[in-house]
Amino acid sequence: MATPGGDQELGSYYVGVDVGTGSVRAALVDQRGILLAFADQPINQWEPQFNHHEQSSEDIWVACCIVTKKVVQGIDLNQIRGLGFDATCSLVVLDKQFRPLPVNHEGDSHRNIIMWLDHRAVSQVHRINETKHSVLQYVGGVMSVEMQAPKLLWLKENLRETCWDKAGHFFDLPDFLSWKATGVTARSLCSLVCKWTYSAEKGWDDSFWKMVGLEDLVADNYSKIGNQVLPPGTSLGNGLTPEAAKDLGLPAGIAVAASLIDAHAGGLGVIGADVRGHGLACEGQPVTSRLAIICGTSSCHMGISKNPIFVPGVWGPYFSAMVPGFWLNEGGQSVTGKLIDHMVQGHAAFPELQAKATARCQSIYAYLNSHLDLIRKTQPVGFLTVDLHVWPDFHGNRSPLADLTLKGMVTGLKLSQDLDDLAILYLATVQAIAFGTRLIIEAMESAGHSIGTLFLCGGLGKNPLFVQMHADITGMPVVLSQEVESVLVGAAILGACASGDFASVQEAMARMSKVGKVVFPRREDKRYYDKKYQVFLKLVEHQKEYASIMKAD
């Protein structure tokens, strides 16, 4: 790999490590935010029963080591200045000697992580929400089953002897990684504020933990869940320990940053980009007019504000949880990429699609996009779903309805099951996800946000149909980063901040995130999408009516 010569300033590199749902990815990034090397490694997941999803912290750390060694191959290690981690907000359980503990009835301690998308703690979260405790106003009024308090309560009630009583440390996965790298148990403000009810101003609220039956965590000053809390990007301890340095193939002592949740790293990687010269309304406007959407397995909608804004059904306001000094609101859709896969792979024509895409050396989605282009004839592609409508909450609704009981809906099915039908169902699903985004934006705006531009990143940002539908359905321009792997840029920005090479996170964001492409909405299709949106809202209204009919005596 060529190293930039001459200009010493460009000779500083940062490593970003991103632990997603199914894989660990790493990148070597320079001071301009350009990826010089990339590697990924799959990680194991277990589903011992429905809604129970588990991983292994040892397995994940091994994968981190493999990808990090790959991206620094052939590099002068003295030029690597900092390391940043981001990860899913999964719950890691260790004993007092930092050894893994089982989070399952089988007693398999290798599986010591309850994954973010695990929904085992439904009865626990229901009881937590019934308390109506004041901390809940910072999560849109209703806590999600994907947050950590219900999962902790589940462990206490279900695995008292094998796990709960032996536990010494409960880490959010991003904090586990920074501990593994530095030996420092300090937590990131991002994880604790977003997923654990911590307040940046007031700290932990004893009354909440006592009220929900987790009073044992209050003991010894919250040492099991974190009593030293640092803003993301803060340099930890004495940097990388000799042991971790050997594992990762990096120099001991380099700066390691307090971490971020993966979606927040994506937000950090895109939201601060310099947009001059692209004809965008947000040029010259405050960064608060931008919404970052990080879309992969699920989607997160990150909006920031100078003052706290409370949005019913949307998480936050969280102070300094993504960009220091700003309040964050976080909307989300529990399954997006996973839903598209589910709809496409479950269709009778899927084997035919696979065969045809393989023959053309295309991904199935590139093939579907070109197939839609073929069958749309002279009409705009979005109009193919005039009588096929989808409600996308197959895994409940995270925002803005915060209703776990909602199910998916499809209306307009026919007896045929050919490739055309599959392509149109795929299109309707993508549109449904975009309508869900529109619903979240409307909730944020009615509470006081003013959003004009979407900044999209994550795996689905690589799908041109997904991007165009988001522009058309929200009526807003969509900005894509020059660097597709924005989450990794976000992780590297953390490492850059920890190294001291930038004065602030904001400075690093402006220098290291670049606009690649802008996709504008097709204004002439607005009327059609407004009508589809009316149908979209009717679907959920009807679903609730059906439920009440069935519940009636």
Side-chain angles (χ1 to χ4, degrees), residues 16-25 84-91 115-118 139-140 144 146-148 172-175 177 188-196 232-233 257-273 290-304 311 314-318 320-323 326-339 395 398-400 433 436-437 440-441 444 451 454-462 466 470 479-481 483-494 505 509 513:
V17 178
D18 162 47
V19 180
T21 301
S23 66
V24 176
R25 296 139 16 98
F85 291 98
D86 73 76
T88 62
C89 41
S90 299
L91 178 66
M115 288 181 70
W116 66 271
L117 50 67
D118 183 288
V139 289
S144 160
E146 293 174 5
M147 291 184 172
Q148 306 303 17
D172 218 274
L173 182 53
D175 291 326
L177 297 168
S188 166
L189 194 62
C190 175
S191 308
L192 289 200
V193 166
C194 296
K195 306 294 167 191
W196 296 72
S259 56
L260 278 172
I261 297 166
D262 55 353
H264 301 65
L268 199 68
V270 294
I271 206 165
R290 305 175 178 193
L291 184 74
I293 308 180
I294 298 85
C295 31
T297 307
S298 64
S299 291
C300 296
H301 302 68
M302 308 284 194
I304 59 177
V311 187
V314 171
W315 299 341
Y318 299 140
S320 281
M322 185 172 80
V323 182
F326 285 86
W327 293 83
L328 170 71
N329 280 105
E330 181 186 345
Q333 292 161 293
S334 277
V335 285
T336 48
K338 197 175 170 77
L339 176 65
H395 199 47
R398 188 190 295 173
S399 310
I433 291 165
T437 291
I440 289 168
I441 292 169
M444 289 176 75
I451 294 160
L454 309 182
F455 286 68
L456 212 87
C457 71
L460 294 174
K462 300 170 194 172
F466 186 90
H470 272 72
V479 177
L480 298 171
S481 291
E483 209 50 81
V484 190
E485 303 293 349
S486 304
V487 176
L488 283 164
V489 173
I493 285 174
L494 293 175
V505 171
M509 271 174 21
S513 41

*Can you sort out the partners of T21 under side-chain hydrogen bond (donor to acceptor under 3.5 Å, both in side chains), two or more places apart, ordered by chain and number?*
W116

*How about L494 and L268: do any of their side-chain heavy atoms sit closer than 4.5 Å?*
yes

*With the side chain counted from C-beta on, respond yes when I261 and C194 share a heavy-atom pair under 4.5 Å apart, and no when they do not.*
yes

*Sequence neighbours excluded, which residues qualify as side-chain hydrogen bond (donor to acceptor under 3.5 Å, both in side chains) partners of S90?*
T88

_Applying side chain to side chain contact (heavy atoms under 4.5 Å, CB included), can you list everything that pairs with V139, at least two apart in sequence or on another chain?_
L136, M143, M147, W315, Y318

*Flag the pair M444 / S399 as yes when at least one side-chain heavy-atom distance between them is below 4.5 Å, and no otherwise.*
no

*asked:* Walk me through whether M322 and I271 qualify under side-chain contact (heavy atoms from CB on, under 4.5 Å).
replied: CA-CA 10 Å; M322 185 172 80; I271 206 165; 4.2 Å; yes

_I need the minimum non-hydrogen distance between L488 and G16, along with the two atoms involved._
CD2-O, 3.4 Å

_Could you report the tightest heavy-atom contact between P400 and V314, atom names first, then the distance?_
CB-CG2, 4.4 Å

*Check G331 against I440 and note the closest heavy-atom contact, atom names and distance.*
CA-CG2, 4.2 Å

_Using every non-hydrogen atom in the two residues, find where S486 and V270 come nearest and quote the distance to one decimal._
OG-CG1, 3.3 Å

*State the OG-CG distance between S320 and L189, to the nearest 0.5 angstrom.*
6.5 Å

_Audit row: V193, L328, side-chain contact (heavy atoms from CB on, under 4.5 Å) steps and yes/no_ = CA-CA 10 Å; V193 166; L328 170 71; over 6 Å; no

*Report the distance from atom CD1 of I433 to atom SG of C295, rounding to the nearest 0.5 Å.*
9.0 Å

*asked:* Show the nearest heavy-atom pair for residues G269 and S513, with the distance to one decimal.
replied: O-CB, 2.9 Å

*Roughly how far, to the nearest 0.5 Å, is the CG atom of L454 from the NE2 atom of H470?*
7.5 Å

*How would you list, by chain and number, every residue that makes a side-chain hydrogen bond (donor to acceptor under 3.5 Å, both in side chains) with R290, sequence neighbours excluded?*
none

*Taking C-beta and beyond as the side chain, do S298 and R398 meet within less than 4.5 Å on heavy atoms?*
yes

*Are the side chains of L177 and V19 in touch, meaning some heavy atoms are under 4.5 Å apart?*
yes

_Working to the nearest 0.5 angstrom, can you tell me the gap between I293 CD1 and L460 CG?_
11.0 Å

*asked:* On a heavy-atom basis, which atom in A491 and which in D86 lie closest, and how many Å separate them?
replied: CB-OD2, 3.5 Å

_Could you measure the distance from the CG atom of D262 to the OG1 atom of T297? Nearest 0.5 Å is fine._
8.5 Å

*Could you pull out all residues at least two apart from S334 that satisfy side-chain hydrogen bond (donor to acceptor under 3.5 Å, both in side chains)?*
E146

*asked:* Suppose we screen for side chain to side chain contact (heavy atoms under 4.5 Å, CB included). Which residues come up paired with E483, at least two apart in sequence or across chains?
replied: I34, L35, V489

*Straight-line distance of L260 CG to C89 SG, nearest 0.5 Å*: 12.0 Å

